[in-house]
Amino acid sequence: MEKVKKRNGFASGIGFILAAAGSAVGLGNLWSFPYKTSANGGAAFVLLYVLSVFVIGSVVMIAEIYLGKRAQANPVTAYKKASKNLGWLGLFAIIIPLFIICYYSVLGGYTVKFTLNSFNNNSEILGSFTGNIPEVILYTAIFLILALVVVMGGVKNGIEKVSKVLMPALFIILVGIAVYCLCLGEGVKEGLNYYLNPDFSALGFEGVLAAMSQAFFSLSLGMGIIVSYGSYAGKEIKVGKSVCMICIFDTLVALLAGLAIFPAIYHYQAIGGSALSDRGILLLFESLPLVFDNLGTAGHIVSFLFFGMVVIAALTSVISLLEVVTQFVIQKFGVRRKKAILCVSAICFAISVPVGISLGYALNAPSGTTPPLQICGQNLLDFFDMVTNVVLMPICALGSCIALGWLIDKPQSKAQLFSPKPAA
Ligand code: PFF
C-alpha cells in the first residue's frame, strides 16, 4: 500500500502552490469566466466573483487542505477521519472527479485538435471535426494519455515538476496574447466596455449564484482535489500564504482571459465581421477561431499559442482530478500507482466515448430536431456538467465546512490545526 510519506508528496511550497494553481486554472478561467462576466453585468459580476473567491472560497480551500493534511490520505478516508458519518461525502469526492474527467477529456481533445490545426483555418472545422467520431475519440485519447503520463510520474516527479514549468509558461503566453489583443485598435474600447463596465441592474439573483458557483468551480473546490493535494503537503508549507497566492493567481488568469477575448471579438465585429456568439462552447471553438483566422499569419500564431495555452490549463486541471481517483485506488486496493492510473484512465476513456459522440450529435443537429444520445433533454456533456456543478459539488464543499466547523475535535493551536492526526 502506498503510504503518503513526505517523500511521496510535494517537495516544496512553491511546487504545492503551482500544482494547486494548475488545478484551479482551467477552462473555467479561460472560457466560462469571461462569458459569464459579460452575461451578468460586467464589472459588477467581477466584483462579486472576487469577493466570493477571497471571502468564501479561500475559507473552504483552507478547510479542504486541513482535512487532507490531517488525514494524510485520500478524500474518502479524510472525510471518514473527520467523522464516521461522513464517509459517504468522501465517496462524492471520488464520483465527482470521475464524472468531470469524462467530459473534460472530450473538451481537452478538442483543444489539442484546434492547437494542431491552428495554421489551417480552425473556423472551418467545428462541424466536420466534432461530427467525425473516430477523430474525436482519437483526440480524447491523446489528451488522456498526456495526463496519464504525468500522473504516472507521481506527485513530486510528475505533477509538481510539470506544474512548475507549465504554469509560468501559461501565464507568459496569456499576458502576451492579452497585450496583442488590447493593441488591435478598432473595437477594443467597445470590447472592454462590454466586458468591464459595471451594470448592477444586470446582476440579478442568478448572477449572484453564478458568481459564487464560478468561484467554487474555478478554485477546484468540492471535487476532492484540494483534500488530496493537502494530504501531500508537507509541514513546511504555509497554508494561509499558499491559499492567498492560489486565489490571486487564479483570479488574475480569469481577468486576463477576458482582457484578451472581448477586445478580439469586438475588433472582428468592428472591421465588418459577423456578430459572434460569446456563449458556451461556441465562444471557444467557433467565435475565437473566426477572429484568429481573420488576422492572417499573426492570427494563426496567436491561435496556436492560445489553444496551446488552453491545452496546458486543461491538462494541469485534469491531472489533479486523475490524481484524486488514483490516490483512492492505490490506498483502498493496495495496487501500484501505474496499475491504478491505467485502470482509472481506461474507465474514464470508456465513459468519455459516448460523451464525445453525444456532443458531436448535438453540435451538428439541424435546428428544430432532437439529436440522439441525450439525458433529460441535454447532451451527455451538459448533463454531466449540470449534475456535478449544480448538485454534487455544492454538497461536497458544504460537507467540508460542516466537517471542519462541527464534527472534528477542535484544535488547540494553529500548529495543531495543520499537523497530521496521530494514528488512533
Ligand atoms: N478549476 C478548474 C477550472 O476552472 O477549469 C476546475 C476543474 C475542472 C478542475 C476540471 C479539474 C478538472 F479536471
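Keep in mind that this is a model prediction, so the values were computed, not measured. The figures here come from the full heavy-atom set of this structure, side chains too, leaving out hydrogens, waters and symmetry mates. Indexing begins at 1, ligand by ligand and atom by atom, following the structure's order.
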Identify, by atom number and element, the atoms of ligand 1 in contact range of [X], meaning under 4.0 Å from any of its heavy atoms.
X: S23; result: 1 (N), 2 (C), 9 (C)
X: S220; result: 1 (N), 2 (C), 6 (C), 9 (C)
X: S218; result: 1 (N), 4 (O)
X: I100; result: 10 (C)

Quick one: look up the protein heavy atom nearest [atom] and list residue, atom name and how far away it is.
atom: atom 12 (C) of ligand 1; value: L321 CD1, 3.1 Å
atom: atom 7 (C) of ligand 1; value: M223 CE, 3.9 Å
atom: atom 8 (C) of ligand 1; value: Y104 CE1, 3.4 Å
atom: atom 11 (C) of ligand 1; value: S317 O, 3.2 Å
atom: atom 6 (C) of ligand 1; value: F217 O, 3.3 Å

Mind checking whether [X] and [Y] have side chains closer than 4.5 Å, heavy atoms only?
X: M223; Y: V324; result: no
X: F262; Y: V188; result: no
X: I62; Y: V59; result: no

Checklist entry - Are a donor atom and an acceptor atom from the side chains of Y66 and S400 found within less than 3.5 Å of each other? => result no
Item to check | Pair S123-N121, side chain to side chain donor-acceptor pair (under 3.5 Å): steps then yes or no | outcome: CA-CA 5 Å; S123 55; N121 288 352; 5.5 Å; no
If you measure every N/O of [X] against every N/O of ligand 1, is any gap under 3.5 Å?
X: S320; result: no
X: L27; result: yes
X: I225; result: no

Item to check | side chain to side chain donor-acceptor pair (under 3.5 Å) assessment of Q378 paired with S358 | outcome: CA-CA 9 Å; Q378 290 178 306; S358 164; over 6 Å; no
Item to check | Parallel, tilted or perpendicular: ring planes of F10 versus Y229, cut at 30 and 60 degrees | outcome: perpendicular
Next on the checklist: Salt bridge or not between E206 and K36? Use side-chain N to carboxylate O under 4.0 Å.
Outcome noted: no
Item to check | ligand 1-proximal atoms of A24, by part, heavy-atom distance under 4.0 Å | outcome: backbone
Item to check | Shortest non-hydrogen contact from V25 toward N29 | outcome: CA-OD1, 3.4 Å
